[in-house]
Structures are given as C-alpha cells and as structure tokens.
Amino acid sequence: VGIFLPDEFRPVSISGTRTVTYIADKEGKEDIFAVAWIGKSSDAVAKAPFNIKLCTYWYKLYAELDMNVEVEGLAYSVRYTVESYGTLKAPDPSKPLNVEGNGKKVRLNAVVTSWNSSKCTLFTWEPGTGGGSVDARAYPSPNGKGMVLELAPPQLAWDVAYSFACDGHGMTLAGVYPITSGSDPWISATFPQGGGQQSIKLDMFEIPMNQLNGAPGISVSYTATVKLEKEPPK
Amino acid sequence: MKNNPRSRSHRIALLLLAIFLLACTCPVPFFPSSLPIEGNGPEKISFRSSPDLLTDPTTGLASLKSYHVSFHQDVTGSLDGQPFERHTHIELTRASGQSDFVRELQGTDESASYFRAITTNQAVYRWNTLDESCQGEVGELLSGETLEPAELLLPILQTSKVGTETVNQIPLVHYHFDQNALPLTEPKPSVTGEIWLAEQGGYLVKYSLNAAKPAETTGAGLEAAQSWTYELSQINAVESVTLPAGCMAVPVDIPVMPDATDVSRSSGMMEYSTASSIFDVVDFYYHNLDSPGWTTTQKEPTGELKVPLGLSFSKGDERLSINIDQADAGGLEINIVLYNPKEQALATTPTTTTPEGTSTPAVPQPTIDPSMSGLPADVPLYPGATNLTNLGGQGISFDAPDLPDQVAAFYHQQMAAAGWSPINEAKSGTIIIQIWKKEGLMVSLQIDVKDGKTNVLLMLTNTQ
C-alpha cells in the first residue's frame, strides 16, 4: 500500500544501520522484506509486518493584541487573546492528507495587564471572555508543495468586555472587532514543508490596530501565529 | 519537516559533484580515492604536511573563535551536448558555538533550492524557502544538516609562493597553483588557482580555482568550465549570530513551573500545563525572570486572582506576555508569547481597504450618498459623513463633521428609534464606544478624534 525510499541500497560493510522512508497511500497492513545478497545469490531473508494508520494533524491559532492607553492621567494596558486548537482527522481513508475538524473551540479573552492612575485609589477589574466554534481543515497544497490550513469564519459571540472601577464607581469598556475582512476562509496559511509554524495577519486585530495607532495616547501591537503539526503534541 | 536526509544528500551530492565535475573537464576521469563512500563519509586523504601545501583546507578553523565564510561554485558548459549550469552558493558564520548556514543551489539539472539553519545555544531555526517564517525549536542541528565549506575544496599539493600580503589586517602568504597541484588523473584540465594562508595559524583565508572548458568538445558527458571562490572574513570579529528580523527566538531561557507538563517551545512561543494555583504561577514568574533580564512595571497581582490573567514583562524592545487560563483538561494552561512590537510593525504593511472601483480621496469629499455605505437600512450613516472606507464588508469608517458627543447623541437617538437595544456605552478620554444588538446582529460604534476630525468606526457582527 506504499513505497520505500530507497527500496535498495548497497552497504559498504557487513553490518550497520540504514534509514529508509516509507510513504503509504492508505491504511492497511504492509510487509517489509529484507534480503541480503552476496554476489548474485541471496544470503538471508527476513520479513516483518506492520500496520499503517492515518496521520492525525493538530493545529493551533494563537494571537495576542496589546493596547496601551494614556488619557487624562489614566494609563492602562489591555490584552486581547484569541486561541483555537484541535486535532484534524481524515474522514475519507482514501484521502489521508485531507483532514478536518469541525466545531473546534475558539476562545477570546480580554484582560487588563497594567493600570496606573492618579485619580483612582482603587482599581478592580473583571476579565472579559468570549468564545465560539470554528471549522478547520488542512489539505495538500494545489501546487503540490506542502499543506494548506484553513479556518472557516467562526461562529462567535464577540461581546467581550472588561470592566473596572475607580473609587467604587464601576465602568465597562467593550471592544468589538471585525472577525474577518469578509473573506471565507477566515484564516488560510500554506506550509511548504507540510507543517510548522507561521506568523499571519489576523484581520480582527490588523484592522483595529491600523485604525487606532496614531490616535493620541494609544498604541496597539499584535502578533498572530498558526501551527500545523502531525499528531497531537505529547 | 526534518530535512536531514535532504541536507545530507545535498552534502554528498555537492562533494561528489565538485570532484566529478572537475574531473569531467578532462576526457578521462579521474581520482577515485577522493570519492566519498556512503556510510563512512568522505575518505580522508593524507599527504605529507608542509607549510606551503594545503592538504586539509579545514586546517586551523577550529582554533578560531568566530568567522564568516563565503563559497561560490559556478559550473557552465554542456552535458551530453545540452546546455548545463550549476551554481552553488554557501554562506556560513560561526561565533561562540552558534552558526548561521545558508545554502542556495540552482542549475539546469534540478530545481532551485534554499536552506538556512541558525543555531543558538539551545535552539535551531530553519528555513526551507526564502519567504518562509522561521521554524524554531529547542534542539541542535541534525547530523550532516550543514557543512563546513572548506570541506568542499580540493587539497592543493603543489604551490609556488607569490609573496606576503595583508588583507583585512591579517598577514597572509599568497600562493599560486595549477592543474598539477590537484589530485586528478591524466590528462588534466587546464586549471589556474590561488590560495592565501594566514601566516599565523595556517588557516585558509582565500581560495580561487578556475578550470577551463575543454578546448575541443565531443558532445559527450559534461564539458564545462568551473569557477570556485572561497573567502574567510570577520575572523574573531563576530560577537554572536543574530536572528533575522521577524524571527523571534525560542524562549529557552524562560523557566517553567516545576510541575509543568506538555511543555512546548517554538519561535516566540511557549506553552505548558500546570496543576499549580494561579497564585503560585504569578509568584513564580515575578521571582524567576530577573536573571534572564526581564522586568515589569506592573506590581505583582495580589488578593483573589482570577483567570484569564495576563502578565507583561519587557527586555529592550522585546515583550514577554504570560497568559494564564483554565485548561480544558483541568489545571492551568500557560501561554507565553515573545515578540517585538517594533519589528512586528515594520513587518506589517498597513492595509487600506477602499470600495472596489474607487480610490482613496486625497481630500475630504462632499457628503457621501448613504446608499454607498453598505449599512443595513436600520443603521443610519451620519449626515455629512466624509472619507467613507469600507472595511471589507465588516463595517465602515468615516469622518463626521460634528464633535464626538454630538455624533454619539445622534446614534443614541437613531439606533434606539430603529429598535436596537443598547448593550453598552462607555467613554474613555476622547473615545466613545456604543454597542447595540438586534436580531442576531451587533453594531459597535467607536467615535474618536483623529487628525483633528471626528472619526467613526462602525462594525457589524453577526452573533448567530
């Protein structure tokens, strides 16, 4: 059900080790035959069976936006994070590299990471959380090199807010960001080596960053990364 | 994703090709004892040692603290009568146990390839294409993944001294050689070459070799001219190997909780799980990041701590974010992000989205027809809006001719009248935020002053 690369080699000594690559087209059982030749006759034969199972892929999206605000004697920093991860499996055994996972959790948090005010003698805050689900899939790149990871537009309730109080007077700020730039998929990343890690642009952070940066007293930065790996991390 | 087999085969192929191609410039190759034997690596050739000979081109390199090497090999001619080219380019920097290796290959016999590997003390970073994000992980280079360019050079067995020279403040002895200095079988191709050896240390600093294409070609086999150049520079002058912009270091010096499980480190990221309490995690990082040089202006959170919780540390322009949240499987999940906002900003091209078929106006335009806003019928565009920008179907931004408070009052009245329910309204400094909800749709308004104008960011979010 697959091929060995290389399927033959000539050792230069009577013992030693050699690594070969095996690429399977589908699940099943395979036998590996090892035949040692001396001249034109076989000297020894060995056979070893093994099972072939579909690879499970694993993806992770992690993004963080940091916003620093300094207004009227009040300085604070807020951090938004977006996280989604999960395993991707092949629903069709005849297409082992077309893997998918539906309804994967997406988590959005908003937390205050620093606070400095000459006006407030007491500050309390409650973290904001939001969440939803997303469908993810990965498939061989159309150009034949590597894999493409795609996340569909998430189903989310993005009513994330964080609240704080000065001298007991509560106040809530809410940030609602665009999830996509109108495109489907929400996120798409190509991994030329079939997996790995990539920095990506995330519209839900990119757009407000560009909108807010330059405003008096506000600075925003973000980083977003996607990973695609074979098998879940141990 | 591991490229060891590929790199090893490249290395063997390079060495084979180097010797094979040079030998092929003469009708009868060649010098079989210099061929590598699979499984044992290149066979070492031993010659009588002499100050005027270069029996081992790698001599003396191990004694240098740091250096940079540049190697080029260009082969141009024909293979079985067809045009043939092969260009090899290698750059290598070594400094204090770190290295930066780049190999580029292109030619008519294979597709172009690129490989780069940087090693720091505890991590290795790889690129397999020029436009790829770096792939960093804890570990070391795989065996045979990179090579010392000097290993590719042919030994020089016979030289004539040209004189002494000083290059880059290094006293050198300059030699000339020809085909008779090379371990090739007869008849040998016409070769001219030069080497420069350091007077002190005896290491090779420069090497050039030019082999002419056979004067009479047969159309059989490889008949090509070759040019090899090798130059050692920045000797003992490289402090350390630095990662290129945009490639964040693997946070190898960031400690983890003693009971950490599922620890994963990659470029700019680290994650693990812990059964410790949030208080213990916060306390741990406030007392264990001093030695790696991370500082924070944020006081250590005390009292009742809740997740999610974010901590911020910095070192120069770099930022370290520690994000603590509940793990799905119980316990706490720790995500640590390392990034440089300045580099991130340079790497990020500001995106300006304009309605299709239009261009961004250089000056404020007259009032825009509300029908162009793309807003639902029950979300009004502020009268007199200018500089309308469509944010990819997710919302719009525009400038309003009135003060933020007036704009906020307008939307407060109009949205309520259209049946929208207020979710939130807040004011912070000059920024006013309103959030409205109606039948699975959420509208957020951010009203602020930018460049002396009232700017409105109106976003639409489907919550169903």
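Just so we're on the same page: letters track the sequence lines, and every chain starts at 1.
Looking at Thr225(A), the atoms closer than 4.5 Å to chain B (heavy atoms on both sides) all sit in the side chain, from C-beta outward. Interface remark: Asp66(A) contributes backbone and side-chain atoms alike to the contact with chain B (heavy atom separation under 4.5 Å). In this structure, the portion of Ile322(B) lying under 4.5 Å from any heavy atom of chain A is its backbone and not its side chain. Contact annotation for Glu271(B): only side-chain heavy atoms (C-beta onward) come within less than 4.5 Å of a heavy atom of chain A. Neither the backbone nor the side chain of Glu304(B) comes within contact range of chain A; no heavy atom of the residue lies under 4.5 Å from a heavy atom of that chain.
Ranked by heavy-atom pairs under 4.5 Å with chain A, the first of Val337(B), Asn323(B), Leu309(B), Val307(B) is Asn323(B). Ranked by heavy-atom pairs under 4.5 Å with chain A, the first of Asn455(B), Asp328(B), Thr296(B) is Asp328(B).
Nearest heavy-atom pair across Thr113(A) and Gly310(B) is CG2-O, 3.8 Å.
Once rounded to the nearest 0.5 Å, the distance linking CD of Gln135(B) with CD of Gln198(A) reads 7.0 Å. Rounding to the nearest 0.5 angstrom, the gap separating the CZ atom in Arg79(A) from the CG atom in Leu311(B) is 7.5 Å. Annotation: the span from Asn210(A) atom CG to Ser397(B) atom OG amounts to 11.0 Å, rounded to 0.5 Å. With values rounded to the nearest 0.5 angstrom, Leu212(A) atom CG is found 5.0 Å from Gln446(B) atom CD. Here CD of Gln193(A) is found 7.0 Å from OG1 of Thr129(B). Values are rounded to the nearest 0.5 Å.
Using a 4.5 Å heavy-atom cutoff, the side chains of Lys227(A) and Ser264(B) are in contact. The side-chain heavy atoms of Glu333(B) and Glu83(A), taken from C-beta on, include a pair separated by under 4.5 Å.
Defined by atom type and a distance below 3.5 Å, a donor-acceptor pair is missing between the side-chain atoms of Ser114(A) and Gln298(B).
With sequence neighbours excluded, the residues satisfying ring-ring contact (aromatic ring centres under 6.0 Å, His included) with Trp436(B) are His412(B). Judged as a salt bridge (charged side-chain N to carboxylate O under 4.0 Å, His left out), and not counting sequence neighbours, the contacts of Asp325(B) are Arg107(A).
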- Take Val111(A) and Lys306(B), measure what side chain to side chain contact (heavy atoms under 4.5 Å, CB included) needs, and give me the verdict at the end. CA-CA 10 Å; Val111(A) 298; Lys306(B) 296 177 181 176; over 6 Å; no
- Item | Trace of the side-chain hydrogen bond (donor to acceptor under 3.5 Å, both in side chains) decision for Arg319(B) with Ser221(A) | CA-CA 11 Å; Arg319(B) 180 177 298 166; Ser221(A) 60; 3.0 Å; yes
- Task: Could you give me the CA-CA distance, side-chain angles and deciding distance for Asn116(A) and Lys299(B), then say whether side-chain hydrogen bond (donor to acceptor under 3.5 Å, both in side chains) is met?
- Result: CA-CA 10 Å; Asn116(A) 187 11; Lys299(B) 288 182 182 176; over 6 Å; no
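Screening Thr81(A), Leu108(A), Asn109(A) against Pro308(B) for a side chain to side chain contact (heavy atoms under 4.5 Å, CB included) leaves a single residue, Asn109(A).
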